[in-house]
Amino acid sequence: MHLRQIIVGLDEGVILIDPDQSILWANKAALGMHGVDSIEDLGETVDEYRDRFQLRYRNNHRLDSADYPIERVMTGEAFSEVVVEVAVKGEDQPRWVHQVRSLVLTDDKDEPECLVMIIQDVSAQFEAEDRFEQSFNANPAPAVICRLCDLRFVKVNQGFVDMTGHDRDAVLARTLYDIDVLDHAEQRKLAKDRLAEGKTIPQMEAELALPDGTTKLVILAGQPIDMGEQPCMLFTFADLEPRRKAETALRHSEERFMRTFSLAPVALAIGTLDGHRLCDVNEAFTDLTGYAAAEITDRPLGDIDLWETAALRHDLEGEIEAGHPIRDREVRIRLKDGGVLDCIVSTEPITLGNDACVLWAMRDITTRKTSERELVNAIEAVMQDTSWLSRSIMEKLARIRTPQSEPTGVGLGELTQREREVLALICRGLDDKSIARTLDVSANTVRNHVARIYSKIGVNRRNAAAAWARARGFDGDSVVIGTPNREIAA
């Protein structure tokens, strides 16, 4: 009676079984762990218990009749910590997870007098472990779990398998001595000390050895955890290989750029983003300006007077600071020996390493500009005495001296033959009456032609019409008036 009073107050479930296979008694905890209120509902015999409850192992394998813990108790077998999932008959999903052990009470003759099955409900524990297992396996971040007592790997997720190429089962059969994730760690001694103490391992870079003999750059960290009441270390990893490949590609790209920069036949310079200082120049730049690289780099350009005037320097620096690239700007630069060169300058924003810079390109056009100036001077000299030149030649020389933009809008082809004749006479300076007499038509007819010409070419004055014609190489002197099938000479 006293024994039963003690057993009733236990949190563990206790079931007493007679050697004849009848269930003698069960405490309230044991009944609750099976979802019943009485022995009758639990089963009065071992056979009834086995018929009402279906048991399976954690790996989903059903237990044979002889493997039921209650059957093993009947045989007098002593066992401990047998874990089974328990489902009510007719239900697919188990309701509880039981951890069972046995106890055999004997009489004075050492014969079995009472068989005891002691049950502990570990459903909450295994549900938590299941949630952790699902989360661990679903986490894309590579991870492994190492048991601290023997440093054996007990968990490996798919992320680690994908990252390293290791076989999951092969990893689980090995220890940290075989696959040493800390072997090439940045702070290996600290990591080993923290592992031995079961303390957190801070983030650090490491080289993981892969099965194919190569290595992979990662960031690893270790976090102590408990699994099944055993202290373990959870190692997590971040794959840095894409970053390393990107950095390598960037470094190679910059090396190729610098080789091209150094050997380019065009004068090139790399400057700060504000345009006030040059960081590097190539050989063509030093040949062009006369400055050695050491004389012109890392100094404000205002101290060197590279630009011909301070106004030009302020203008260029202002555009660079505003983020406006310069395209084919004609400028004059001052050489080291004091000479001045005509150049075309262009800029392009670039990034070197983590620095935002400006690439300057300069092309010497001094020879071309000199030739142009000589040509203009020659034209001006010729035009000092124009008495022997025709008006068309004078106009063409004027266009060479003062180039005009390409004319736009309608062309001469939009005008009829008669309208071209009228326009030619306008270019000669004739008024409407004179044009009427020349063409032998009425003044009203001339006025109508003039109005249509104005409308087509978009002007409203005679001098504007003459300017429009001359801009297209059309002059009145080259047009023959009053001849059948006449043509206009351009």
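Counting begins at 1 with the first residue of the sequence. Only heavy atoms go into these numbers, but all of them, side chains included; no hydrogens, no water, no symmetry mates.
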### Query
Are any non-hydrogen side-chain atoms of Leu439 and Leu425 less than 4.5 angstrom apart?
yes

### Task
Hey, could you give me the CG/SG distance between Leu148 and Cys146, rounded to the nearest 0.5 Å?
6.0 Å

Below 3.5 Å, can you tabulate the donor-acceptor pairs from side chains in residues 253-264 to any protein atom, sequence neighbours excluded?
unit_1	atom_1	unit_2	atom_2	d
Glu254	OE2	Gly353	N	2.5
Thr260	OG1	Arg256	O	3.0
Ser262	OG	Met258	O	2.9

#### Entry: Point-to-point distance, once rounded to the nearest 0.5 Å, from CG of Leu312 to OG1 of Thr309
4.5 Å

### Message
Among Arg56, Arg62, Arg95, which residue satisfies the salt bridge (Lys or Arg N to Asp or Glu O under 4.0 Å) criterion with Glu85?
### Response
Arg56

Please tabulate, for side-chain N and O atoms in residues 296-304, each donor-acceptor pair with protein atoms closer than 3.5 Å (sequence neighbours left out).
unit_1	atom_1	unit_2	atom_2	d
Thr297	OG1	Ala293	O	2.8
Asp298	OD1	Arg277	NH1	3.0
Arg299	NH1	Glu295	O	2.9

### Task
Inspect the surroundings of CG in Asp440 and state if more than 12 heavy atoms from other residues, nucleotides or ligands are less than 6.0 Å away.
no

### Task
Salt-bridge test for Arg313 and Glu317: reply yes if a basic N is under 4.0 Å from a carboxylate O, no otherwise.
yes

### Message
Take a 6.0 Å sphere around CZ of Arg452 and say whether it holds more than 12 heavy atoms from other residues, nucleotides or ligands.
### Response
yes

### Task
Find out whether Tyr291 and Val281 are in side-chain contact, i.e. whether some heavy atom of one side chain is under 4.5 Å from a heavy atom of the other.
no

### Task
Would you tell me whether Gln230 and Asp226 have side-chain atoms, one donor and one acceptor, within less than 3.5 Å of each other?
no

### Message
Enumerate the ring pair (Phe, Tyr, Trp, His ring centres under 6.0 Å) contacts for residues 181-220, please, sequence neighbours excluded, ordered by first and then second residue.
### Response
none

### Task
Begin from the C-alpha positions of Arg174 and Asp167 and carry the test salt bridge (Lys or Arg N to Asp or Glu O under 4.0 Å) through to its verdict.
CA-CA 11 Å; Arg174 305 174 78 177; Asp167 179 73; over 6 Å; no

### Query
Using a distance-only test with no angle check, is there a side-chain donor-acceptor pair under 3.5 angstrom linking Ser442 and Asn444?
no

### Query
Just wondering, do Trp96 and Val122 contact through their side chains at under 4.5 Å, heavy atoms?
no

### Query
Within a reach of under 6.0 Å around NZ of Lys245, are more than 12 heavy atoms found that belong to other residues, nucleotides or ligands?
no

### Task
Verify, without hydrogens or angle tests, whether Thr347 (side chain) and Trp360 (backbone) share a donor-acceptor contact under 3.5 angstrom.
no

### Task
Quick one: list whatever passes side chain to side chain donor-acceptor pair (under 3.5 Å) with Asp150, sequence neighbours left out.
Arg147

### Query
Salt bridge check: are Asp342 and Arg332 linked by an N-O gap of less than 4.0 Å?
yes

### Task
Without swapping roles, check the side chain of Arg152 against the backbone of Ala173 for a donor-acceptor pair under 3.5 Å.
yes

### Query
Are any of the side-chain heavy atoms of Leu182 and Phe235 separated by less than 4.5 Å?
yes

Name each donor-acceptor pair under 3.5 Å that joins a side chain in residues 200-212 to protein atoms two or more places apart or in another chain, with its distance.
unit_1	atom_1	unit_2	atom_2	d
Glu205	OE2	Arg243	NH2	3.1
Glu207	OE1	Thr215	OG1	2.8
Glu207	OE2	Arg244	NH1	2.8
Asp212	OD1	Thr214	N	3.0
Asp212	OD1	Thr214	OG1	2.6
Asp212	OD2	Thr214	OG1	3.4

### Query
Got a donor-acceptor contact below 3.5 angstrom from the Asn282 side chain to the Leu268 backbone?
yes

### Query
Yes or no on salt bridge (Lys or Arg N to Asp or Glu O under 4.0 Å) for Lys192 and Glu197, after CA distance, side-chain angles and deciding distance?
CA-CA 9 Å; Lys192 291 284 189 180; Glu197 297 168 0; over 6 Å; no

### Message
Between Arg472 and Leu412 (side chain of the first, backbone of the second, donor and acceptor by atom type, cut-off under 3.5 Å), is there such a pair?
### Response
no

### Query
Under a 4.5 Å cut-off applied to non-hydrogen side-chain atoms, are Val171 and Arg168 in contact?
no

### Query
Just how far is it from atom CD of Gln187 to atom NZ of Lys189, taken to the nearest 0.5 Å?
11.5 Å

### Query
Does Ser123 use its side chain to pair, donor to acceptor, with the backbone of Val97 at less than 3.5 Å?
yes

#### Entry: pair Asp432-Val450: side-chain heavy atoms closer than 4.5 Å
yes

#### Entry: Carboxylate-amine/guanidinium contact Glu414 Arg420, below 4.0 Å
no

### Message
The criterion is ring-ring contact (aromatic ring centres under 6.0 Å, His included); which residues satisfy it with Tyr454, sequence neighbours excluded?
### Response
none

### Task
Give the C-alpha distance, both sets of side-chain angles, the deciding distance and a yes or no for side chain to side chain contact (heavy atoms under 4.5 Å, CB included) between Val161 and Val156.
CA-CA 8 Å; Val161 172; Val156 181; 4.0 Å; yes

### Task
Can you measure from CG (Leu278) to CG (Leu306) and round to the nearest 0.5 angstrom?
7.0 Å

### Query
With a 4.5 Å heavy-atom cut-off, do Glu348 and Ser346 have their side chains touching?
no

### Task
Answer yes or no: is there a donor N or O on one side and an acceptor on the other, between the side chain of Arg462 and the main chain of Leu430, under 3.5 Å?
yes

### Message
For the backbone of Val218 and the side chain of Asp239, can you confirm whether one donor and one acceptor N or O come within less than 3.5 Å of each other?
### Response
no

#### Entry: Qualifying residue for side-chain contact (heavy atoms from CB on, under 4.5 Å) with Phe153, from Thr175, Ile145, Leu176, Asp178
Leu176

#### Entry: Atom pair CD1 (Ile270) and CG (Leu359), whose distance is rounded to the nearest 0.5 Å
6.5 Å

### Task
Could you tell me whether the side chain of Met362 reaches within less than 4.5 Å of the side chain of Ile344, counting heavy atoms only?
no

### Residues Asp431 and Ser434: side-chain donor-acceptor under 3.5 angstrom
yes

#### Entry: Distance (rounded to the nearest 0.5 Å) between Gln223 CD and Arg194 CZ
11.0 Å

